[in-house]
Visitor: 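My questions will all concern the structure given below.
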Amino acid sequence: MKKYSYIVFGLLILLNACSPKPESERLICAEAEMSAFPYSENGLKVSKHQTVTPIEGVAGLEVVETYFVNEGKPVTVKAYELCRTEIEAQDSVVWSLQPSSTSARMDWVLPVQEGFAKENYLGMNNSDYGGGIPVVDLWQKDGGIAIGLFEPVLRMISMPVEWKRYDNKVTMALRYDLPEPVELETGDTLHCFKAFRLRHEGDYFNALRIFSDYMQANEGVEMKPSEPEAFEPVWCAWGYGRPFKMDMVLGTLDKVAELGFTWVDIDDGYQIAEGDWNTNEYFPGGDADMRHITDEVHKRGMKAKLWWAPLAADPDTKLVKEHPEMLLKTEEWAHEYITWWDSWYLSPVNPAVDAYTTDLLDMFLRRWNFDGLKIDGQHLNCCLPDYNEASGLESAYDAPEQMPSYFGKIYEQARAMKPNAVIQVCPCGCAVNYFLIPEINQAVASDPMSSRQVRMKRKAYAAMAPQLAYYGDHVELTDGGKDFASQIGTGSVIGTKFTWPKDNPDWTEGPFLLTDEKEALVRKWMKIYKENNLARGEYLNLYTWGFDYPEAHVIRQNGALYYAFYIDDDPAFDGTLELKGLDPAKSYTAIEYAADEPREFEVKGSEPKINAHFERSYLLKVVEK
């Protein structure tokens with residue numbers, strides 16, 4: 001492995017694909033904002049030392065390790081910036097991956113146009129929202145460049161992306177604002193986080209695949225392959241809402257089993273309150289009532305998951321009154337508030353919280369006999385630093401950085417109780433904290449705002465953790481409420497929250513009633529899902545997001561290639577589609593496998609273009625002749 005070190009005035013990287021114009025890293029001090037090194041002015045003198053390591057076998061990837069040395073008078077350092085990169089925009093739009101989380105629940109993949117600016121802070125941006133993936137990526141037709149961190153935990157950095165008006169340049173950088181200013185005496189050194197730059201072909205899939213492969217090979221990240229059960233279709237009782245009754249769920253089970261679902265998710269509404277997870281007045285039999293539900297699910301050959309929002313405790317709960325030492329305390333010695341649940345955060349790194357969690361898992365999985373967990377809430381993605389002395393932390397910032405380890409303990413304990421337990425974490429509306437992914441065996445679209453979000457998140461998870469099951473969430477959340485094609489065509493697990501034989505009159509959302517029309521739709525897509533098993537297939541990144549139209553995805557399964565094309569903004573597509581990835585020397589049979597009247601036709605690998613007319617989606621199975 002080639003390695004070279006030097007003191008630089010600016011780090012120069014040539015990138016033919018994106019024509020970047022890099023700028024030097026910066027050190028922001030109380031006295032000056034330093035951007036050229038060695039910096040010397042008015043008694044200040046700071047040098048930058050940098051090691052850039054090209055990674056053998058990974059074209060375009062360079063690890064960037066940086067430290068600053070103070071050679072002059074004492075300085076107070078407030079922040080530093082790494083890997084500032086500038087590219088010239090070839091067109092009016094540059095596409096980007098910007099996976100940070102805010103209450104806006106924005107797409108992870110965004111078009112960048114003139115006047116665009118986004119900070120992409122990976123700490124807490126709103127009371128419930130924070131965390132994300134420490135990678136930002138820009139790409140155009142002929143390739144992209146990504147920057148990010150290779151660190152063992154999530155660092156609270158910003159990844160600003162900007163396209164200033166009346167300019168044709170897009171910039172991105174990694175900026176770290178120190179929690180407290182650091183005094184550098186003469187001769188002191190400031191070490192920065194380990195960063196990287198990556199030239200790559202295609203779109204964000206390739207950037208995330210290379211990033212995650214490196215993290216698994218070098219930073220101790222271990223992605224867990226999913227249980228076969230994690231790929232089975234899901235019915236969720238959330239259609240009945242928070243005020244659901246036992247009889248509503250029990251009365252739906254026969255229809256759920258008849259339609260082919262194998263998971264029954266019992267959702268929010270059974271508990272006394274967030275924090276006090278014993279059953280409420282709707283379950284007067286307590287443990288016996290919950291055990292009756294799981295027994296009835298199991299009698300029908302299905303499995304049951306239980307909804308749970310850990311690390312949330314309502315202020316008036318028995319838990320908070322008896323165990324205030326479990327609560328996260330902010331720097332102002334206040335409670336961190338979770339607006340969605342009207343709750344307070346429990347500290348994810350508090351020993352008392354660990355013991356309390358173990359007792360809950362015993363109740364959920366042994367006494368109540370659930371087979372898995374639906375762990376839910378956008379607050380699960382990140383938290384503020386914890387200044388509670390009872391948590392026993394060396395640094396308050398251990399709380400957000402080590403937060404995923406809390407879910408790792410849940411995974412290990414749950415699997416010890418139920419070896420085939422499916423553990424889903426749903427950071428609702430968030431760009432997932434990358435370090436959460438190794439602690440689960442089922443990812444989820446997490447309350448998508450659109451069908452497009454289901455598809456773009458699926459592509460991201462397929463890049464980072466190819467063997468991880470990805471659940472497309474309730475189909476009712478997607479555009480039109482019946483877009484199973486966006487789930488199946490991208491290799492997602494299907495799910496629904498229909499009610500039957502009637503809705504819950506006490507729940508204002510909906511309606512979610514399983515009408516004859518919807519039942520026919522569910523039967524159609526369930527048959528397609530089980531016959532083709534695309535959720536277990538291999539995602540192939542053959543099309544570039546933002547530059548190939550229509551949007552396209554390809555799954556390889558059982559020797560066939562499954563193409564899925566989507567349009568969201570046009571009423572219909574009528575034109576030519578290119579089937580990328582075919583062997584020019586071979587001929588194929590193409591089957592419109594999702595059509596009501598499937599059509600078959602021949603395609604030559606040497607002439608991989610076909611004519612198509614469709615609305616919203618077009619799914620095609622291509623098999624070698």
Visitor: Does the side chain of Glu531 reach to within under 4.5 Å of the side chain of Lys527, using non-hydrogen atoms?
Guide: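 When only atoms from C-beta onward are counted, Lys527 and Glu531 do touch, with a gap below 4.5 Å.
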Visitor: So which of Trp545, Phe211, Trp139, Tyr539 actually passes ring-ring contact (aromatic ring centres under 6.0 Å, His included) with Phe205?
Guide: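 Per the ring-ring contact (aromatic ring centres under 6.0 Å, His included) rule, the option paired with Phe205 is Tyr539, out of Trp545, Phe211, Trp139, Tyr539.
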Visitor: Taking the six-membered ring for Trp, is the centroid-to-centroid distance between Phe565 and Phe573 below 6.0 Å?
Guide: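 No, the ring centres sit 6.0 Å or more apart.
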Visitor: If you apply the rule side chain to side chain contact (heavy atoms under 4.5 Å, CB included), what do you find for Thr515 with Lys518, and how did you get there?
Guide: CA-CA 5 Å; Thr515 62; Lys518 186 171 182 178; 3.5 Å; yes
Visitor: Is the number of heavy atoms from other residues, nucleotides or ligands under 6.0 Å of Lys580 NZ greater than 12?
Guide: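 Above 12, so yes.
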Visitor: Taking the side chain from Glu538 and the backbone from Gln557, do they hold a donor-acceptor pair closer than 3.5 Å?
Guide: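 Such a contact is absent between Glu538 side chain and Gln557 backbone.
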Visitor: Is any side-chain heavy atom of Phe150 closer than 4.5 Å to one of Val63?
Guide: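 Val63 vs Phe150: side chains touch.
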Visitor: With no hydrogens and no angle check, is any side-chain donor or acceptor of Asp483 less than 3.5 Å from a backbone partner on Ser486?
Guide: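 Yes, Asp483 side chain to Ser486 backbone: donor-acceptor pair under 3.5 Å.
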Visitor: Short question: side chain of Asp371, backbone of Ala304 - any donor-acceptor pair under 3.5 Å?
Guide: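 Checking the backbone N and O of Ala304 against the side chain of Asp371, a donor-acceptor pair under 3.5 Å is found.
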Visitor: Under 6.0 Å between ring centres: does that hold for Tyr214 and Phe196?
Guide: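 No, the ring centres sit 6.0 Å or more apart.
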Visitor: Distance-only, no hydrogens or angles: does the Asp570 side chain make a donor-acceptor pair with backbone N or O of Ala572 under 3.5 Å?
Guide: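 A pair under 3.5 Å: no.
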Visitor: Throw together a table of side-chain donor-acceptor distances under 3.5 angstrom for residues 602-611, partners on residues two or more places apart or in other chains.
Guide:
residue : atom : partner : partner atom : Å
Glu602  : OE1  : Lys625  : NZ           : 3.4
Asn611  : OD1  : Thr576  : OG1          : 3.3

Visitor: How about Leu582 and Val622: do any of their side-chain heavy atoms sit closer than 4.5 Å?
Guide: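 A side-chain contact under 4.5 Å exists here.
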Visitor: Please indicate whether Glu201 has more than 12 foreign heavy atoms, meaning atoms of other residues, nucleotides or ligands, lying under 6.0 Å from its CD.
Guide: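 Open: at most 12 neighbouring heavy atoms sit under 6.0 Å from CD of Glu201.
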Visitor: Say whether, by atom type as modelled, one donor and one acceptor occur between the side chain of Asp503 and the main chain of Phe512 under 3.5 angstrom.
Guide: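 Checking the backbone N and O of Phe512 against the side chain of Asp503, a donor-acceptor pair under 3.5 Å is found.
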Visitor: Look at atom CD of Gln467 and say whether more than 12 heavy atoms of other residues, nucleotides or ligands are closer to it than 6.0 Å.
Guide: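 No, CD of Gln467 has 12 or fewer neighbouring heavy atoms, counting only those of other groups under 6.0 Å.
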Visitor: Heavy atoms, side chains only, cut-off 4.5 Å: are Pro233 and Lys530 in contact?
Guide: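 Pro233 reaches Lys530 side chain to side chain.
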Visitor: For residues 219-226, which side-chain donor-acceptor pairs fall under 3.5 Å, sequence neighbours excluded?
Guide:
residue : atom : partner : partner atom : Å
Glu219  : OE2  : Lys194  : NZ           : 2.7
Lys224  : NZ   : Pro438  : O            : 2.2
Ser226  : OG   : Asn441  : O            : 2.6
Ser226  : OG   : Ala469  : N            : 2.8

Visitor: Please determine whether a side-chain nitrogen of the Lys or Arg among Lys497 and Glu476 lies less than 4.0 Å from a carboxylate oxygen of the Asp or Glu.
Guide: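 Looking at Lys497 and Glu476, the cut-off is not met.
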Visitor: Does any N or O in the side chain of Lys524 come within less than 3.5 Å of the main-chain N or O of Ala594, such that one atom is a donor and the other an acceptor?
Guide: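 Here the side-chain-to-backbone pair exists.
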Visitor: Under the side chain to side chain donor-acceptor pair (under 3.5 Å) test, which residues partner Tyr470, sequence neighbours left out?
Guide: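 If we apply the side chain to side chain donor-acceptor pair (under 3.5 Å) test to Tyr470, skipping adjacent residues, there are no hits.
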Visitor: With a 3.5 Å distance limit and no angle check, can you tell me whether Thr490 reaches the backbone of Arg455 through a side-chain donor-acceptor pair?
Guide: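 Checking the backbone N and O of Arg455 against the side chain of Thr490, no donor-acceptor pair under 3.5 Å is found.
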Visitor: I'd like to know if the side chain of Tyr204 and the backbone of Met456 have a donor-acceptor N/O pair within less than 3.5 Å.
Guide: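 Yes; judged by distance alone, with no hydrogens or angles, the pair exists.
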Visitor: Between Tyr566 and Tyr618, does the ring centroid distance fall short of 6.0 Å?
Guide: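 Centroid separation for Tyr566 and Tyr618: 6.0 Å or greater.
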Visitor: Does the side chain of Tyr471 reach to within under 4.5 Å of the side chain of Ile494, using non-hydrogen atoms?
Guide: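 They are not in side-chain contact.
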Visitor: I'd like to know whether Glu232 forms a salt bridge (charged side-chain N to carboxylate O under 4.0 Å, His left out) with Lys303, so could you lay out the CA-CA distance, the side-chain angles of the two residues, the decisive distance to 0.1 Å, and finally the verdict.
Guide: CA-CA 10 Å; Glu232 297 174 359; Lys303 296 172 282 290; 2.8 Å; yes
Visitor: Determine, for Glu62 against Arg199, whether the closest basic-nitrogen to carboxylate-oxygen distance falls under 4.0 angstrom.
Guide: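 No, no charged N to carboxylate O under 4.0 Å.
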Visitor: Does atom NZ of Lys482 have more than 12 heavy-atom neighbours, drawn from other residues, nucleotides or ligands, at distances under 6.0 Å?
Guide: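 No, because the 6.0 Å sphere around NZ of Lys482 holds 12 heavy atoms or fewer from other groups.
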Visitor: Decide, yes or no, whether a salt bridge links Lys459 with Asp203 under the criterion of side-chain N to carboxylate O below 4.0 Å.
Guide: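 Yes, charged N to carboxylate O under 4.0 Å.
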Visitor: Using only atom types and a distance under 3.5 Å, with no angle test, would you say the side chain of Gln453 pairs donor to acceptor with the backbone of Met449?
Guide: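 It does hold such a pair.
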Visitor: Less than 4.5 Å apart, side chain to side chain, heavy atoms only: is that true for Glu439 and Ile423?
Guide: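 Not in contact.
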Visitor: Taking the six-membered ring for Trp, is the centroid-to-centroid distance between Tyr562 and Tyr593 below 6.0 Å?
Guide: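 Tyr562 vs Tyr593: aromatic centres under 6.0 Å.
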Visitor: Given side chains that start at C-beta, do those of Leu620 and Glu592 come closer than 4.5 Å, heavy atoms only?
Guide: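 A side-chain contact under 4.5 Å exists here.
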Visitor: Begin with the C-alpha distance, continue with both residues' side-chain angles, and end with the deciding distance and a verdict on side chain to side chain contact (heavy atoms under 4.5 Å, CB included) for Met302 and Trp235.
Guide: CA-CA 10 Å; Met302 299 185 291; Trp235 174 80; over 6 Å; no
